[in-house]
Amino acid sequence: MAPQPEFDTEQIRDKARRDLLHLLEGVRGKKNLVIEEKLAGPLGVIVKASTLREYDVDKIFFLENKNTDTSNRNVVFIARGESARNAHAIADQITRLQREAQTPLEFHVFWVPRRTLLSDKILEEAGVLGDTNVTELPLYFFPLDKDVLSLELDDSFRDLYLAKDPTPVFLLARALMGIQQKHGLFPRIVGKGDNAKRVSDLLLRMRQELLAGEDVGEAGKVGLSPSTTTESIIIIDREVDFVTPLLTQLTYEGLIDELFGIQNNQTDVDSTIVGAAPQPGPQAGSTTAPTATDGQTRKRKIQLDGSDKLFAQLRDTNFAVVGTQLHKIARRLQSDFDSRHSSKTTAELREFVQKLPGYQAEQQSLKIHTGLTEEIMKYTQTELFTKLLEVQQNLAAGADPSSQFDAIEELIARDTPLPQVLRLMCVYSCISGGIKSKELDHFRRLILQGYGYQHLLTLHKLERLQMFLSRSSPLASMIPMTGSAGATGNKTNYTYLRKQLRLIVDEVNEEDPNDIAYVYSGYAPLSVRLVQCILQKQYLLSLTRGNGVTSAAGPAGSGAQGWRGFDDAVKHARGQTFDEVQKGEDKAVKARALLSGGGEQKTVFVVFVGGISFTEIAALRFIAKQEEGKSDHIPDT
């Protein structure tokens, strides 16, 4: 009985790469690769185009462009199997290629992450299933960084909360079950929210199905006993806290996302801001290379992950101190370069020459991030940004929402981009339990007259999401506006939780922070405060009730007590609260504990169902540092 291996995101990257390359290797000869456009970025995270070429991939096409040619005998499609649209597109292309080809072609379809009955039925009805080799490519999690995993489901929020489609919940449970089978069961499953509870229930059910299966080998049995390297898993449903992602992110990485957008660890920035790329094709290894068009020639792809040491240092800091830090780094680099003049011996010169590539890479990185910072500062110093931030922070701090009415009306009159206005209104509605009917009608009229009547559908969808409601609406009436226990769990009561969990911290040291509130310059994300209710009980108790409080919640940082100590507060957040303990056979548990030694720090998995913002990731990393190296892996759907 071998000890369970420690969790490492690189293992997931390596397995995903091996699975993909193994399937490509099985297709003999040169091949054309047709990829669903939304999958190109995630695939680029695990394998580069240069590697694909080594496996005889000749040309790469996007499925949506419908321009696949017959230049090679083998045509390989890679797309998500859950989408009927993809299946129809593949069927149409196969039919067209069969008609155009002079010689017979071989078609292969790799469904990510699984083959579905729906996709088979569509291919069968189109008459192409018999001419196609169909295989599963089980890519669930994509490792975006050493401590971040993502399903990279762009439509998961809409599917879960608007269409009420549970597919993302199932895929997340399957992905987590894969981790359990390799590293052992999560000893404790703690969480908040209805979709989070569904994930938990599916994990328990999948475990029972695995136990009941007749073909459980030795590898499968490893996953049936509690892990000795994992402490717990904390699952948070996005609808528990809609307000946090609606607020403007104030960390460096968050503001890059606000201005330029970040997808698959990359952002597209105008080359006039960050300078031209050092070589014509530094990103040639990326599967996203074919995306460039004439309209994008001035855009440069910037890689934003832990491989850039300067970015890793800056990403989670509040933007207010980024300029100072860049100045210090520039002075240090200049000092390092100047040191070459004081090198007198051959050995000292050799040492400098060896360090030179590192200096040059850091210099290039400094140039990029200085350009990005200057561009962000142009935005953050505008009157529009200041006004938006002021209204957001007033609403978050509990100011009378009606007092912000004139400011929001002025922003609409000044033609502020619609997404920014809608974010403000949704914050207003979520925090105050809906908007007064008279004000709502006025806002609706301003939006339709100012931005177009096509946004009737937008407002209707926001109402269905319960993010933009009238106080007279039956849905809004479920929001408990006082500390009464009668209506708990239907809606998140920000008025009550603001005080109970100290969501507003007046004095925040952004340069040397001591609380997660630094990521929003004074507002602590509710979603991450809930994580602290489990991991940092004593700290949170001292923050909310004073240092003299004694509690049965247990030692700080211990996940063993679940929600204890915060049961009453958690009831006022939306959705079900749960705390499950997974146990194995006593003999097996004791044997593994002896083999593992039990002295190592354990991993805590923090899972967000429905998406996570970069500021929330920064706050979780801050907690991880405080917990002395305890890793937070944050899969989001």
CG on Leu185 to OG1 on Thr230, rounded to 0.5 Å: 10.0 Å
Ring-ring centroid check Phe110 Phe77, cutoff 6.0 Å: no
Spacing of SG belonging to Cys430 relative to CD belonging to Glu239, to within rounding of 0.5 Å: 11.0 Å
Ionic contact status for Asp56 with Lys30, cut-off 4.0 Å: no
Pair Lys602 + Glu231, salt bridge at N-O below 4.0 Å: no
Pairwise distance CD1(Ile256) to CG(Leu259) - rounded to 0.5 angstrom: 9.5 Å
Working for side chain to side chain contact (heavy atoms under 4.5 Å, CB included), residues Leu153 and Leu171: CA-CA 10 Å; Leu153 298 174; Leu171 295 177; 4.1 Å; yes
Lys31 side, atom NZ; Arg73 side, atom CZ - distance, nearest 0.5 Å: 12.0 Å
Test log, rule salt bridge (Lys or Arg N to Asp or Glu O under 4.0 Å), inputs Arg188 and Asp579: CA-CA 7 Å; Arg188 200 176 197 101; Asp579 182 0; 2.8 Å; yes
Arg85 atom CZ: more than 12 heavy-atom contacts under 6.0 Å: no
Step-by-step side chain to side chain contact (heavy atoms under 4.5 Å, CB included) determination, Glu36 to Glu64: CA-CA 7 Å; Glu36 178 191 346; Glu64 290 79 359; 3.6 Å; yes
Value rounded to 0.5 Å, distance of CZ in Arg17 from CD1 in Ile12: 13.0 Å
Side-chain ion pair, Lys299 and Asp270, N-O less than 4.0 Å: no
Step-by-step side chain to side chain contact (heavy atoms under 4.5 Å, CB included) determination, Arg238 to Thr244: CA-CA 10 Å; Arg238 180 72 277 167; Thr244 295; 4.3 Å; yes
Check ion pair Glu136-Arg115 (N to O, under 4.0 angstrom): no
Test item: Thr492 side-chain N/O and Val240 main-chain N/O as donor-acceptor pair under 3.5 Å: yes
Pair Asp268 + Lys301, salt bridge at N-O below 4.0 Å: yes
Gln582 CD to Glu580 CD distance, which is reported to the nearest 0.5 Å: 8.0 Å
Verdict with reasoning, Lys192 to Asp237, per salt bridge (Lys or Arg N to Asp or Glu O under 4.0 Å): CA-CA 6 Å; Lys192 182 68 183 172; Asp237 189 351; over 6 Å; no
Val190 vs Ile233, side chain to side chain contact (heavy atoms under 4.5 Å, CB included): CA-CA, chis, key distance, verdict: CA-CA 6 Å; Val190 193; Ile233 179 171; over 6 Å; no
Worked check of salt bridge (Lys or Arg N to Asp or Glu O under 4.0 Å) between Asp19 and Lys15: CA-CA 6 Å; Asp19 288 346; Lys15 184 183 182 302; 2.8 Å; yes
Electrostatic pair Asp194:Lys197 at N-O distance under 4.0 angstrom: no
Partner of Glu82 under salt bridge (Lys or Arg N to Asp or Glu O under 4.0 Å), chosen from Arg114, Arg174, Lys38: Arg114
Worked verdict on Arg315 versus Asp145 for salt bridge (Lys or Arg N to Asp or Glu O under 4.0 Å): CA-CA 12 Å; Arg315 67 193 308 175; Asp145 221 314; 2.7 Å; yes
